[in-house]
Structures are given as C-alpha cells and as structure tokens.
Amino acid sequence: MIGAVRSWLTSIAAVTLMLTVVQTLVPEGTLRKISGFTGGLLLLAALLQPVLKTDLGRLRLDFSSYEEAIEARTAELDNAGKEELAAIIAGRTAAYISDKADALGLDVEARVETEPGADGETPLPAWAELRGPYSQDLADWIAGELGIPAERQVWHEGKN
C-alpha cells in the first residue's frame with residue numbers, strides 16, 4: 001500500500017517537473033497556452049491514476065442489512081399506528097356509548113375493545129364492558145348501531 005502511494009507521488013512529481021521544464025522552454029504566445037493546457041491534462045491524468053486503475057467490478061456493496069432494518073422499522077411503525085388507531089376508536093366508541101346512556105338517563109361507564117375488521121387493517125369495536133344498571137334499550141342500541149352483539153357485551157351492575 002505504501003509502495004503504491006510512493007509510486008503515485010513520484011509520478012506526480014515527475015510530471016510536474018517535466019511540465020515546468022516544458023513551460024520554461026516554450027516561447028510566449030499561443031503555443032505556451034496550448035502546452036499549458038496539455039500539461040494540465042497530463043497532471044490531471046497522473047493525479048487520477050489510482051482511481052482510473054481501480055477495478056470497480058470487484059467492489060461489492062451490501063445493503064441487505066439496511067434493507068432488513070428498514071423493513072423491521074416500517075413494520076414496527078405500522079403496528080404502532082394500528083395500535084394507536086385502535087385505542088382512539090375504542091375511546092371514542094366508549095364515549096359514544098356513554099353519551100347515548102346519558103341520553104337514556106343512565107349512569108353507565110363504558111370500556112370498548114377492538115379487533116381487526118374484515119379488511120384486516122381497520123380496527124372495529126368488538127367488545128363492550130359496561131358498568132352501571134343494565135338497560136335493554138342501550139344493549140339493543142349497541143348491537144344495532146355499533147355492531148357489538150349482546151354476547152359480546154359484559155354488564156357489571158352497581159357502582160365500583
């Protein structure tokens with residue numbers, strides 16, 4: 001490695017020395033401008049020699065670990081989003097049930113659980129746990145309006 005760097009620096013020094021000699025020997029005018037430009041190209045070629053000799057076919061870039069990490073993080077974020085959406089739907093459905101109970105003159109506290117819907121993505125209310133006096137009207141409304149059948153409604157009568 002050090003030998004390659006030494007060889008590269010030696011070639012740059014040699015080209016620079018040669019260009020300096022040529023510049024001093026060439027008379028002023030257009031010919032000096034052309035020789036300066038050509039010398040610049042030669043010096044650039046000497047500087048880029050290690051890059052030009054690099055075998056890019058042997059260069060292997062492995063991004064599979066990054067792809068796996070991105071996929072794992074994406075799945076994690078999707079799950080977190082689904083859980084948050086389920087919590088929001090459960091909370092709003094419980095509030096909706098409580099509002100309906102208030103309209104019926106009942107003092108009922110509701111807790112709702114969700115499960116994935118038919119599309120497997122959107123959470124839908126699946127279970128309702130209610131604390132307060134049982135009301136057939138409210139139970140029928142929950143079954144009809146929210147799609148939570150009576151067998152998935154758990155009533156706890158009395159106050160805790």
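The same ILVMFWY cluster, assembled from side-chain heavy atoms under 4.5 Å apart, contains both Leu43 and Leu9. Residue Val108 is grouped with residue Tyr134 when hydrophobic side chains (ILVMFWY) are merged at heavy-atom distances under 4.5 angstrom, including chains of intermediate members. Linking Ile, Leu, Val, Met, Phe, Trp and Tyr residues whenever their side-chain heavy atoms come within less than 4.5 Å places Val5 and Val15 in a single cluster.
Using modelled atom types, one finds a donor on one side chain and an acceptor on the other under 3.5 Å when comparing Gln136 with Asp140. Between the side chains of Tyr66 and Glu68, no donor-acceptor pair is found at a separation under 3.5 Å.
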Practice task
Check the pair Trp141 / Leu104 against side-chain contact (heavy atoms from CB on, under 4.5 Å), numbers first and verdict last.
Solution key: CA-CA 11 Å; Trp141 180 83; Leu104 293 172; 5.7 Å; no
Practice task
Start with the C-alpha distance between Glu115 and Arg152, add both sets of side-chain angles, then the distance that settles salt bridge (charged side-chain N to carboxylate O under 4.0 Å, His left out), and finish with yes or no.
Solution key: CA-CA 12 Å; Glu115 64 183 17; Arg152 289 186 169 195; 3.2 Å; yes
Problem - Derivation and outcome, side-chain contact (heavy atoms from CB on, under 4.5 Å), residues Lys100 and Leu106 - result: CA-CA 9 Å; Lys100 182 61 177 180; Leu106 302 169; over 6 Å; no
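Distance NZ/Lys82 to CG/Asn79: 6.0 Å, rounded to 0.5 Å.
Of all the heavy atoms in Ala86 and Thr114, the pair that sits closest is CB-OG1, 3.3 Å. Closest of all the heavy-atom pairs between Glu151 and Trp127 is O-CZ3, 4.1 Å. The minimum heavy-atom distance between Leu138 and Ile97, with the atom names listed, is CD1-O, 4.3 Å. The two atoms that bring Ile148 and Ala126 nearest to each other are CG2-O, 3.6 Å, heavy atoms only. Scanning all heavy atoms of the two residues, the minimum distance from Leu124 to Gly117 falls at CD1-CA, 3.6 Å. In this structure, Pro50 and Ala46 approach most closely via the heavy-atom pair CD-O, 4.3 Å.
The pair Arg111-Glu113 meets the salt-bridge criterion, since a charged nitrogen lies less than 4.0 angstrom from a carboxylate oxygen.
Every residue two or more places apart in sequence or in another chain was checked for a side chain to side chain donor-acceptor pair (under 3.5 Å) with Thr38, and none qualifies. For the side-chain contact (heavy atoms from CB on, under 4.5 Å) test, residues two or more places apart in sequence or in another chain that qualify with Arg92 are Ile88.
No side-chain heavy atom of Ile12 sits under 4.5 Å from any side-chain heavy atom of Gln49. Contact of the Pro125 side chain with the Ile89 side chain is registered, since non-hydrogen atoms from C-beta on lie closer than 4.5 Å. Ile142 is listed as a side-chain neighbour of Leu130, based on a closest heavy-atom distance under 4.5 Å.
Side-chain atoms of Gln153 do not come within 3.5 Å of backbone N or O of Glu129 as any donor-acceptor pair. A donor-acceptor contact shorter than 3.5 Å links the side chain of Ser35 to the backbone of Leu31. For Arg131 (side chain) and Ala110 (main-chain N/O), no donor-acceptor pair under 3.5 Å exists by modelled atom type. Looking only at distances, a side-chain donor or acceptor of Trp8 sits under 3.5 Å from a matching main-chain atom of Leu47.
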